[in-house]
Amino acid sequence: MPSIRAGRERALAHGAMLLFALLVSTSFTVGAAIAPTMDPLALTFGRFIVAGGLFLVFMLASGRLRMPGWRDGLGYLLLGALVSLYFVTMFEALLLTSALVTSALFALVPLITAIMARAWLGQGLTLRLLAALGIAGGGAIWVTFGGDIGRMLTLSLGPGELIYLLGCVSYSAYSPAIRHLDRGASTAEVSFWTVLAGLAIVTAYGLPSIVRTDWTSLPLGTWAGIFHLGIFTTLVSFFLIQFASTRLPQAKVMAYTYLIPVFVVLTDGLTLDHWPSPSVMAGVGVIALAMLVLESG
């Protein structure tokens, strides 16, 4: 039955975005740890090389590799440009501001995505949806700043924050662009060519920085971070969001980013026994309730 199959695929898409949020939650901590050790463009190049190389092996082994037409190729270049801009601005921003502030600004992405999906794809943008996005976003920022109103009020937009906001706008356009450019290609195919396009763009733009980088002298921790970012927060994450973006409304896809600070809190609690205050846990509850409203509508 088509309706049963569609329901199953929607359920899988929700599961994919849960895993996506969990994986992306690690990128802020890892990115902040290794960003000072190398140029942001070289770091972005490194993660794309790792992701693209592994993906190429998979595509060749599975027999799915085929050259796209010129229209599909232009679409992949657009997708690659959007994610490349986000990754570069993220690492540039982490040199000027903290992982805490960038993760708070990232809470704006679902709302911007919903507005873009409305303008670009004609998807509904109801008051209920806006309210749920606003409540979940507020909860995410509350959790990010540890329930400290003073820290939230002192958030100022310096050069690092403005650079990262540009990246957030670029990333907000990514999911609607996937839906708009969908021409029936497989999820693996779209993900592979998007990674390859991103690699080509970063290489062309950042070649001097890439060549200047002494790759053989990078610390072992930096290499571990590059492989983590390349495999889990690039390769796997690309696949997950490509899969979900053609099966769910774009506002619901990106709303899962609100769970990122929740996963950060849970990870710190389970691995380091650093559990937050009751007020922060209340913020986690607000996000959970708002997510239920978002995903049930």
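This chain uses plain numbering: 1 for the first residue, then up along the sequence. The structure presented is a predicted model; accordingly, all values stated were derived computationally and were not measured.
Applying the salt bridge (Lys or Arg N to Asp or Glu O under 4.0 Å) rule to D72 yields the partners R183; only residues at least two apart in sequence or on another chain are considered. With sequence neighbours excluded, the residues forming a side chain to side chain contact (heavy atoms under 4.5 Å, CB included) with I210 are F45, W215, listed by chain and number. Listed by chain and residue number, T222 satisfy the side chain to side chain donor-acceptor pair (under 3.5 Å) test with T37 (two or more places apart in sequence, or in another chain). In this view, F192 and F55 satisfy the ring pair (Phe, Tyr, Trp, His ring centres under 6.0 Å) rule, not counting sequence neighbours. Judged as a side chain to side chain donor-acceptor pair (under 3.5 Å), and not counting sequence neighbours, the contacts of S279 are S277.
Cluster annotation: F48 is not connected to L85 through the hydrophobic network of ILVMFWY side chains, with a link wherever side-chain heavy atoms come within less than 4.5 Å. Tracing side-chain contacts under 4.5 Å through hydrophobic residues (I, L, V, M, F, W, Y), one reaches I112 starting from I178; they form part of the same cluster.
Counting all heavy atoms, side chain and backbone alike, A93 lies closest to G160 at CB-O, 3.3 Å. Minimum interatomic distance between P176 and A117 (heavy atoms only, all atoms of both residues): CG-N, 4.3 Å. When all heavy atoms of A51 and L235 are compared, the pair lying nearest together is O-CD1, 3.8 Å. In plain terms, the two heavy atoms of L95 and A35 that are nearest each other are CD2-O, 3.6 Å. The nearest pair of heavy atoms linking V109 to S172 is O-OG, 3.4 Å. Residue L133 comes nearest to A255 through the heavy atom pair CD2-CB, 4.4 Å, listed as atom of the first residue, atom of the second, then distance.
Within the hydrophobic cluster formed by Ile, Leu, Val, Met, Phe, Trp and Tyr side chains joined at under 4.5 Å, directly or through other members, Y205 is accompanied by L41, V88. In the hydrophobic clustering, L220 connects to no other residue, as no ILVMFWY side-chain heavy atoms lie under 4.5 Å from its own.
Around CG of L60, the count of heavy atoms belonging to other residues, nucleotides or ligands within 6.0 Å exceeds 12.
Side-chain atoms of S27 never come within 3.5 Å of backbone atoms of L23 as a donor-acceptor pair (strictly under, hydrogens ignored).
Sorted by first and then second residue, the side-chain hydrogen bond (donor to acceptor under 3.5 Å, both in side chains) pairs involving residues 57-68 (not counting sequence neighbours) are R66-E189. Applying the side-chain hydrogen bond (donor to acceptor under 3.5 Å, both in side chains) rule to pairs touching residues 112-121 yields W120-H180, sequence neighbours excluded. Judged as a side-chain hydrogen bond (donor to acceptor under 3.5 Å, both in side chains), the pairs with a partner in residues 86-95 (not counting sequence neighbours) are, in order, Y86-Y164. For residues 224-238, the pairs satisfying side-chain hydrogen bond (donor to acceptor under 3.5 Å, both in side chains) are T26-H228, R47-T233, R47-T234, with sequence neighbours left out.
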Sequence neighbours excluded and cut-off under 3.5 Å, please list the side-chain donor-acceptor pairs for residues 241-248, or say none.
{"from": "Q242", "atom 1": "NE2", "to": "Y174", "atom 2": "OH", "distance (Å)": "2.7"}
{"from": "S245", "atom 1": "OG", "to": "S175", "atom 2": "OG", "distance (Å)": "3.0"}
{"from": "S245", "atom 1": "OG", "to": "I241", "atom 2": "O", "distance (Å)": "2.7"}
{"from": "T246", "atom 1": "OG1", "to": "F243", "atom 2": "O", "distance (Å)": "3.3"}
{"from": "R247", "atom 1": "NE", "to": "E9", "atom 2": "OE1", "distance (Å)": "2.9"}
{"from": "R247", "atom 1": "NH1", "to": "F243", "atom 2": "O", "distance (Å)": "2.8"}

